[in-house]
Amino acid sequence: MNIDNVLILHDDSEVKEIIRDELNGTCPAGPECRLEVDVILRSSDGYLIGAHQSNLDQYSDGFPDSNTQMDATHPVDLVEDADTLKILMRFMHKQRYPKISWLETTQIFALAEAAEKYLVYSAISACHDYIEGHIKQHPIESLCYAAKFNYPQIADSAAIHSICKSLDEIRASSQNHHPTIYAWLQYREGYISVVESALNPPAPYINSRKQQHLCHFWEPYLTATMAELPRTTMQCLRLLAENRFSVTVYSKHSDLVNGCAACPTRVLNWKRDILEKMESIPPFHTFI
């Protein structure tokens, strides 16, 4: 039986050969590819995919070069699934490259991971450009991709949109990539500090006699302002992530303290503290 027409499945006792109509050891580039299949790749889900050693050598820096002897009767086991490998192989031919915009999100990022791993530069470029243009739609995936493969501009753009996500989501998307997780925790901590200031008014003014300034103007202002603010840390983080948080909210009811000499300064200090903390947060890539 021709190795180009079989799918090999493993169990504990035998190797079964089953004829398949697709992904069966033939080249994914289609009938227009007339090169001899001299390398067989076996995907993580058990499919055989035909490849060409000369193309692996020419179009990537991550596969064995053409001087390495490979036996087409012995498939090379890879950890990527068949869909990912099939698309990746199409980027390794002298033909128009496939569009990736029709792919599911998980497929695009799986392809990006494989392209970076095997250094298939045509696929790296296509994935990079797509991800860069869809950061807001896929912030966590974009952040983890950029952090792992050193794309600081994408990482910095995606990071702010990730601060309202959970640690479990970051772990899952990064595949427990510890440098990414640690950097995200440090970056997010800066915004947690912003939220603490946003939801808690500054301490009262202390006069020259070391006494707190207390007056009847502050409480009405505080009650009205707190009613305008988000109730929880996560709600505030979401507003920050969506660029819908503004310190102008602290001025909305400032007329309520106009009869006091000290309380307007306290309002200004509240706003200043928040802005200073926001401005002091370094770009995400500095934590990597």
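Since this is a predicted model, take the numbers as computed values, not measurements.
- No single ILVMFWY cluster, assembled from side-chain heavy atoms under 4.5 Å apart, contains both Val39 and Leu35.
- Atom-to-atom distance recorded for Ile131:CD1 and Ile108:CD1 is 7.5 Å, nearest 0.5 angstrom.
- For Arg90, the CZ atom is loosely surrounded, since the number of other residues' heavy atoms within 6.0 Å does not exceed 12.
- Between the side chains of Glu80 and Tyr118, at least one donor N or O sits under 3.5 Å from an acceptor N or O.
- Judged purely by distance below 3.5 Å, without hydrogens or angles, the side chains of Asp168 and Ser166 never pair a donor atom with an acceptor atom.
- Hydrophobic clustering (side-chain heavy atoms under 4.5 Å, transitive across Ile, Leu, Val, Met, Phe, Trp, Tyr) keeps Val194 apart from Leu268.
- Applying the side-chain hydrogen bond (donor to acceptor under 3.5 Å, both in side chains) rule to pairs touching residues 92-102 yields His52-His93, sequence neighbours excluded.
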Ignoring hydrogens and angles, write down the donor-acceptor pairs under 3.5 Å from the side chains of residues 227-241, residues two or more places apart or on other chains.
{"unit_1": "Glu228", "atom_1": "OE1", "unit_2": "Lys252", "atom_2": "NZ", "d": "3.4"}
{"unit_1": "Glu228", "atom_1": "OE2", "unit_2": "Lys252", "atom_2": "NZ", "d": "3.2"}
{"unit_1": "Glu228", "atom_1": "OE2", "unit_2": "His253", "atom_2": "NE2", "d": "3.2"}
{"unit_1": "Arg231", "atom_1": "NH1", "unit_2": "Leu229", "atom_2": "O", "d": "3.1"}
{"unit_1": "Thr232", "atom_1": "OG1", "unit_2": "Gln235", "atom_2": "N", "d": "3.1"}
{"unit_1": "Gln235", "atom_1": "OE1", "unit_2": "Arg231", "atom_2": "N", "d": "2.8"}
{"unit_1": "Gln235", "atom_1": "OE1", "unit_2": "Thr232", "atom_2": "N", "d": "3.4"}

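- Note that OG1 of Thr265 is 15.0 Å distant from CH2 of Trp270, once rounded to the nearest 0.5 Å.
- The minimum heavy-atom distance linking Ser162 with Ala159 is given by the pair OG-O, 2.7 Å.
- Partner of Met89 under the side-chain contact (heavy atoms from CB on, under 4.5 Å) criterion, chosen from Leu56, Asn55, Thr84: Leu56.
- The aromatic ring centres of Tyr187 and Trp184 sit 6.0 Å or more apart.
- At least one side-chain heavy atom of Arg266 sits less than 4.5 Å from a side-chain heavy atom of Pro204.
- Linking ILVMFWY side-chain heavy atoms closer than 4.5 Å, directly or via other members, places Phe287 and Met278 in a single hydrophobic cluster.
- The OG atom of Ser54 lies 6.5 Å from the CG atom of Asp38; values are rounded to the nearest 0.5 Å.
- In this structure, His134 contributes its side chain and Tyr130 its backbone to a donor-acceptor pair below 3.5 Å.
- When hydrophobic clusters are built by joining Ile, Leu, Val, Met, Phe, Trp and Tyr residues whose side-chain heavy atoms come closer than 4.5 Å, directly or via intermediates, Leu222 is not grouped with Leu214.
- Under the 4.5 Å side-chain heavy-atom criterion for Ile, Leu, Val, Met, Phe, Trp and Tyr, Met226 and Tyr250 are members of the same hydrophobic cluster.
- Ring planes of Trp218 and Tyr221: tilted class, angle from 30 to 60°.
- Between Arg272 and Asn269, the side chains place a donor N or O and an acceptor N or O closer than 3.5 Å (distance only, hydrogens not considered).
- Counting non-hydrogen atoms of neighbouring residues, nucleotides and ligands closer than 6.0 angstrom, the CG atom of Asn243 reaches no more than 12 such neighbours.
- In terms of modelled atom types and a separation under 3.5 Å, the side chain of Ser142 and the main chain of Pro139 share no donor-acceptor contact.
- Defined by atom type and a distance below 3.5 Å, a donor-acceptor pair is present between the side-chain atoms of Lys271 and Ser251.
- Under the 4.5 Å side-chain criterion, counting only non-hydrogen atoms from C-beta, Ile154 is in contact with Ile135.
- The aromatic rings of Tyr145 and Tyr151 sit parallel to each other, their planes meeting at less than 30°, with 60° as the upper class boundary.
- Taking a 6.0 Å sphere around CD of Gln137, one finds it holds more than 12 heavy atoms contributed by other residues, nucleotides or ligands.
- From Leu185, atom CG reaches atom OG1 of Thr180 across 11.0 Å, with rounding to the nearest 0.5 Å.
- Here CD1 of Ile181 is found 5.0 Å from CG of Asn176. Values are rounded to the nearest 0.5 Å.
- With sequence neighbours left out, the side chain to side chain contact (heavy atoms under 4.5 Å, CB included) criterion links Leu119 to Asp61, Tyr121.
- With values rounded to the nearest 0.5 angstrom, Ile170 atom CD1 is found 8.0 Å from Leu167 atom CG.
- Without hydrogens or angle criteria, Asp156 side chain to Pro283 main chain gives no donor-acceptor distance under 3.5 Å.
- The closest side-chain heavy-atom distance from Phe91 to Leu111 is below 4.5 Å.
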